[in-house]
Amino acid sequence: MTGVWQAFSLVGSAVLYVPMILVVYWCVSPAWGARLAVMLSFSGVLNELLKTLFHAPRPYWTHPGIRTPEPIAGYGMPSGHAQNSIVVWGTLARLAGTRRAWVAAGVLGLGIGLSRIFLHVHSPTQVLAGWMLGGGVLATALVLGPAVLVWWRARRLAVQLGLSLLVPLVLLFCVDLAVDSQQGWRMPEAWVEAIRASGGRVPRPSLNNGAAGTGMLAGILAGLSVITSRGGFDAGGPWGRRLARVPVGLGGFVFLYGAGVLFGSHPVPVFVVFLLAGSWATAGAPEVFTGMGLATRGGARTPV
């Protein structure tokens, strides 16, 4: 049964979400991919902020008899898998607009959340909090998203780019405050021993994860604004040409993402590198596609 829960957990991880969203954006629908990218990146930053603020233990840290196949270097409250499952699959269900899509989203969200409990990396309370937070993010986006999008489109490109940097920096400042709040707190030694016994890495107060998430969000917002100002791109065409975009786009993204990991010792270069990765995914790669003849300018499917 553990294998089933691990499969559900994988479906709710960034290992699947990131390439899936990139393929949707580059090869299926830039509008769908753009919304998924913004929603996931914002949700990830919010989850990192709350995890840092609460610095709550995972179940296997506090119960010596519990072992997990997924030792994780991070706090547990709220569950990011549960939260993002609602955000990502709920967004896809809303875009698809069918009852089957909503049922599938519900099944995936339920299975992903339960998998985190049965794999002993989250408590029921942490999963429930993740579901509720994800539902709140999704509901807010559904209610306010159309008006925000209209307002954003009405701004000049320079204003859009400024906001693309300002909003993530405000979020990063909030993460920094949460990290600073930990300075006088010491992790119980029993937690440390349990983490090491499971083969995990003891988390340390750091701004790097927040810098990576906010940098990615800034790059995505800026890239979408730039590509839209240039007329967007059409993700249609023969499937052979569509799929040829994937290795081209992934090559640049993986290079920049890897550079972000290498520069992981300081938040400033991490923020910059992930900003470049987000910009490449949403604007740089599509520009290269059109230059190579793998995509055409304009079309009905513009990102924002």
Side-chain angles (χ1 to χ4, degrees), residues 14 16-42 88-89 91-98 101 141 145-165 168 215-260 273-304:
L16 181 138
Y17 288 150
V18 173
M20 178 188 77
I21 291 173
L22 290 175
V23 170
V24 169
Y25 180 73
W26 292 334
C27 305
V28 181
S29 169
W32 284 33
R35 284 163 175 75
L36 287 168
V38 172
M39 291 287 288
L40 179 61
S41 58
F42 175 79
V88 172
W89 299 113
T91 298
L92 274 174
R94 176 64 182 85
L95 291 169
T98 66
V148 171
L149 188 57
V150 169
W151 182 89
W152 188 278
R153 285 172 171 169
R155 308 279 78 80
R156 293 182 295 111
L157 178 60
V159 175
Q160 293 180 12
L161 294 178
L163 290 171
S164 297
L165 185 61
M216 183 67 73
L217 177 60
I220 289 170
L221 293 173
L224 291 173
S225 296
V226 169
I227 195 67
T228 300
S229 72
R230 292 179 55 79
F233 74 103
D234 191 340
W239 274 103
R241 189 168 64 176
R242 296 191 197 195
L243 295 177
R245 301 168 195 158
V246 176
V248 176
L250 278 181
F253 185 82
V254 169
F255 173 79
L256 290 167
Y257 192 94
V273 171
F274 277 88
L275 183 152
L276 293 175
S279 300
W280 164 262
T282 51
E287 287 295 320
V288 171
F289 300 157
T290 56
M292 296 176 64
L294 296 176
T296 57
R297 182 74 65 191
R301 306 177 182 89
T302 54
V304 295

Taking all heavy atoms of [X] and all of [Y], pick out the closest pair and write down the distance.
X	Y	value
Thr91	Met39	OG1-CE, 3.6 Å
Leu157	Ser229	CD2-OG, 3.7 Å
Phe253	Ala281	CD1-CB, 4.0 Å
Val24	Gly33	CG1-N, 3.7 Å
Ala283	Gly223	CB-O, 3.4 Å
Gly232	Arg297	O-CD, 3.2 Å

Partner set under side chain to side chain contact (heavy atoms under 4.5 Å, CB included) for [X], not counting sequence neighbours:
X	answer
Ile21	Leu36, Ala37, Leu40
Val159	Arg155, Arg156, Leu163
Ala244	Leu294
Ser164	Trp152, Leu221, Ala222, Ser225

Flag side-chain contact, heavy atom, 4.5 Å: [X] against [Y]:
X	Y	answer
Glu287	Met292	no
Met20	Val88	yes
Val38	Leu224	yes

**Message:** How about CZ on Arg241, more than 12 heavy atoms from neighbouring residues, nucleotides or ligands closer than 6.0 Å, or not?
**Reply:** yes
**Prompt:** CZ of Phe233 to OG1 of Thr290: how many Å apart, nearest 0.5 Å?
**Reply:** 9.0 Å
**Item:** Gap separating the CE atom of Met216 from the OG1 atom of Thr282, nearest 0.5 angstrom
**Value:** 9.5 Å
**Item:** With Trp26 via side-chain hydrogen bond (donor to acceptor under 3.5 Å, both in side chains) - residues at least two apart
**Value:** none
**Message:** Using modelled atom types and a 3.5 Å cut-off, is there a donor and acceptor pairing between side-chain atoms of Arg242 and backbone atoms of Gly237?
**Reply:** yes
**Prompt:** Is the side chain of Arg35 donor-acceptor paired with the backbone N or O of Ala31 at a distance under 3.5 Å, no angle test?
**Reply:** yes
When the side chains of residues 273-280 are checked against the rest of the protein, which donor-acceptor pairs come out under 3.5 Å, sequence neighbours left out?
| unit_1 | atom_1 | unit_2 | atom_2 | d |
| --- | --- | --- | --- | --- |
| Ser279 | OG | Gly219 | O | 3.4 |
| Ser279 | OG | Leu275 | O | 2.9 |
| Trp280 | NE1 | Gly249 | O | 2.8 |

